[in-house]
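Remarks on the structure that follows.
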2 protein chains.
Amino acid sequence: MTRADRLLRAASDLFVRLGYEKTTVSDLTRAAGVSKGAFYLAFPSKDGLFEALLLREMRDYLAAAREALAVHPRAGSIGALYEVALRGLEASPVMAVLLRRDRDVFGRYLRQPDNFFRKFGAGHQSRGEVLAQLQAVGVVRPDVDVDVAAHVMNLISVGWVTVDEVLDTPAPPAEEVIAGLAAMMERALGPTQPVDLAPARALVDRMYAEGIAGLNAMLAQAEGGP
Amino acid sequence: MTRADRLLRAASDLFVRLGYEKTTVSDLTRAAGVSKGAFYLAFPSKDGLFEALLLREMRDYLAAAREALAVHPRAGSIGALYEVALRGLEASPVMAVLLRRDRDVFGRYLRQPDNFFRKFGAGHQSRGEVLAQLQAVGVVRPDVDVDVAAHVMNLISVGWVTVDEVLDTPAPPAEEVIAGLAAMMERALGPTQPVDLAPARALVDRMYAEGIAGLNAMLAQAEGGP
DNA sequence: CATTGACCAAAACGACTAAATTGGTCATCA
DNA sequence: TGATGACCAATTTAGTCGTTTTGGTCAATG
């Protein structure tokens, strides 16, 4: 495991637990078993590491989803998409705080004028466009308004990572909720008649691949020496 | 308009705008055009006013939803329920911060051991039970897991009042999203075959009535002199 | 020459205090 | 007698200033 990797791994834990401010460079180097100097050989700054962490986590999230879909029997369907998306979210605390723009975690970092969201926020294609393409290949019913549906999906994502801290009643097991929500979305948006999933499957795989490639490009730019 | 009402009205605006801490009793009396002494004739304390405000707002929210359903052509259906629930949420900033447990608004108040949520949190029947009853009268398909569906609905509510501050892309017009989401939920949970909505309509009306009555009882307890 | 950690300026923190505000009361007024 | 606002104790704020900690550097090292 490379130096940068060990730092990234330590960061993933520390940033989520302590937040950006409370996590000091010394904490990171100590946890990673690396000297302070080495830190600055691997990353240009504390910010740089943080941004690399977020980008890498997003990439890994997409990659995991893509792999899960590769072996998913109903890959291409809305339901399958939801299943892997939520399961991945459930597995990645970094993605959760990222999606939530968790203030406790991002702290002052968010106030920086050139923070992650402003720097890397654009560029990815919106969920509306994705839905439109899925509609073209028949896995989304023709009568659904893709922009509205996209917004609902965003809303659900945000809700997914936020309910727990707001709700008092305990949530049902995550796996059940995932299955239920996937089924609901399939019913809500999916076609009435069964369709051939192959084209959608290929389309989705391509979109994931593009997303991953884009993130890799950003990562290459974000990492590197001081 | 009674003194208490004017204070409540001023509070609804000020608490949401400034939050609990920043809103002083003097602010409230000034905005309501009432003397400080009168304040303590109408409410036992600042806390008391705040809690009365929250309870009243919840009651008004339910009452408005009930009235809207009374003239709604598809009242009784899941879709109609969603329509009025979200439209009401859209109209009431207090309900929004309440649902979000907005820290910026509730501030230190939440740390009090006997705050609103602990004091009045219990008592209302859970969404799971509501769904189960709706299932019994046929407007929710028999195969849906009501607890999971209830959790998804909670998640959507929280997402509804939270997305905006997290999302960067502009949301479609609220009315469109409401219509879309209502349709989606109807498809996701509603019966495949058309059913007679009358029983569900009556059931829902009764449940709203009970909820309103419960809140009125709590209000009676919460208001009153020092 | 890759790696280190002692070192530095700058920023954050913390203990302290004086001044200002707060939620709440009550003698007074109309 | 219902309503008022000057008033009070208690808390919060804003300011000060010495101490500590921070992100980042670079001469020394193996």
Side-chain angles (χ1 to χ4, degrees), chain A residues 1-8 10-11 14-15 17-54 103-116 119 222-226, chain B residues 1-11 14-15 17-54 103-116 222-226:
Chain A
M1 191 163 44
T2 143
R3 228 174 18 203
D5 272 333
R6 296 166 65 199
L7 281 165
L8 249 3
L14 286 172
F15 278 131
R17 267 189 20 230
L18 309 178
Y20 182 79
E21 298 166 58
K22 293 282 182 191
T23 303
T24 71
V25 175
S26 302
D27 287 338
L28 290 166
T29 56
R30 198 181 319 125
V34 167
S35 76
K36 190 104 80 78
F39 180 102
Y40 288 92
L41 290 175
F43 297 97
S45 64
K46 189 188 177 189
D47 279 14
L49 165 66
F50 191 41
E51 286 162 11
L53 171 67
L54 298 179
R103 288 186 185 185
D104 294 341
V105 170
F106 286 93
R108 276 197 188 76
Y109 173 79
L110 270 186
R111 276 164 211 148
Q112 293 184 22
D114 61 338
N115 67 47
F116 182 82
K119 212 189 286 186
E223 282 186 25
Chain B
M1 189 162 46
T2 144
R3 229 174 17 206
D5 272 333
R6 296 167 63 200
L7 281 166
L8 249 2
R9 180 175 294 230
L14 287 172
F15 278 132
R17 268 189 21 230
L18 310 178
Y20 182 80
E21 298 166 59
K22 293 283 181 191
T23 303
T24 71
V25 175
S26 302
D27 288 338
L28 290 166
T29 56
R30 198 181 318 127
V34 167
S35 76
K36 190 104 79 81
F39 180 103
Y40 288 93
L41 290 175
F43 297 98
S45 64
K46 189 190 176 187
D47 279 14
L49 165 66
F50 191 42
E51 286 162 12
L53 169 66
L54 299 179
R103 289 186 184 185
D104 294 341
V105 170
F106 286 93
R108 274 199 190 73
Y109 173 80
L110 270 185
R111 275 163 211 148
Q112 293 183 21
D114 60 338
N115 67 47
F116 182 82
E223 282 185 26

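Remember, predicted model here, so these are calculated numbers, not experimental data. We name chains A, B, ... by the order of the sequence lines, and we start the count at 1 in each one.
Rounded to a whole Å, the NZ atom of B:K46 is 8 Å from the C1' atom of C:dT22. Rounding to whole angstrom units, CD of residue B:E21 and C1' of C:dT22 are separated by 12 Å. C:dC13 atom P lies 7 Å from atom NZ of A:K22, rounded to whole Å. Note: CG (A:L49) to C1' (D:dG24) measures 14 Å, nearest angstrom. Atom CG of A:L14 is separated from atom C1' of D:dG23 by 16 Å (rounded to the nearest Å). When the P atom of C:dT21 is taken as reference, atom CG of B:L28 falls 17 Å away, rounded to whole Å. For the pair B:L18 CG and C:dT22 C1', the interatomic distance rounds to 15 Å; values are reported in whole Å. Per the geometry, OH belonging to A:Y40 stands 13 Å off P belonging to D:dC26, to the nearest Å.
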Checklist entry - For A:F15 and A:L49, what are the C-alpha separation, side-chain angles and deciding distance, and is it a side-chain contact (heavy atoms from CB on, under 4.5 Å)? => result CA-CA 11 Å; A:F15 278 131; A:L49 165 66; 4.3 Å; yes

Checklist entry - Between B:F106 and B:L54, is a side-chain contact (heavy atoms from CB on, under 4.5 Å) present by the stated rule, with each step listed? => result CA-CA 11 Å; B:F106 286 93; B:L54 299 179; 3.9 Å; yes

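Between A:R17 and A:D27, no side-chain nitrogen of the basic residue sits less than 4.0 Å from a carboxylate oxygen of the acidic one, so the salt-bridge criterion is not met.
DNA chain D is contacted by both B:R108 and A:Y20; B:R108 maps to the nucleotide lying nearer its 5′ end (nearest heavy atom per residue).
Across all strands, B:T29 comes closer than 4.0 Å to no nucleic acid atom at all (heavy-atom distances).
Annotation: the terminal axes of the helix from C:dC1-D:dG30 to C:dA30-D:dT1 meet at 30°, where each axis is the rotation carrying the C1' atoms of four end pairs onto the next four (5 pairs per end, rounded to 10°).
Proximity of A:F43 to A:L53: side-chain heavy atoms (C-beta onward) are nowhere separated by under 4.5 Å. For the pair B:V25/B:Y40, a side-chain contact is recorded, criterion being any heavy-atom separation below 4.5 Å from C-beta on. Looking at A:D47 and A:K119, their side chains never come closer than 4.5 Å, going by heavy atoms from C-beta outward.
Results of the side chain to side chain donor-acceptor pair (under 3.5 Å) test with A:Y109 over A:E21, A:E51, A:R103 single out A:E51 as the only residue that passes.
Both the sub-6.0 Å distance and the 45° axial angle are not jointly satisfied by A:K46 relative to the ring of A:F39.
With ring centers used as reference points, A:F50 lies 6.0 Å or more from A:F116.
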Checklist entry - Nucleotide by nucleotide, 5' to 3', does protein get under 4.0 Å of the base (B), only the sugar-phosphate (S), or neither (-) in nucleotides 1-9 of chain C, counting heavy atoms? => result --BBB----

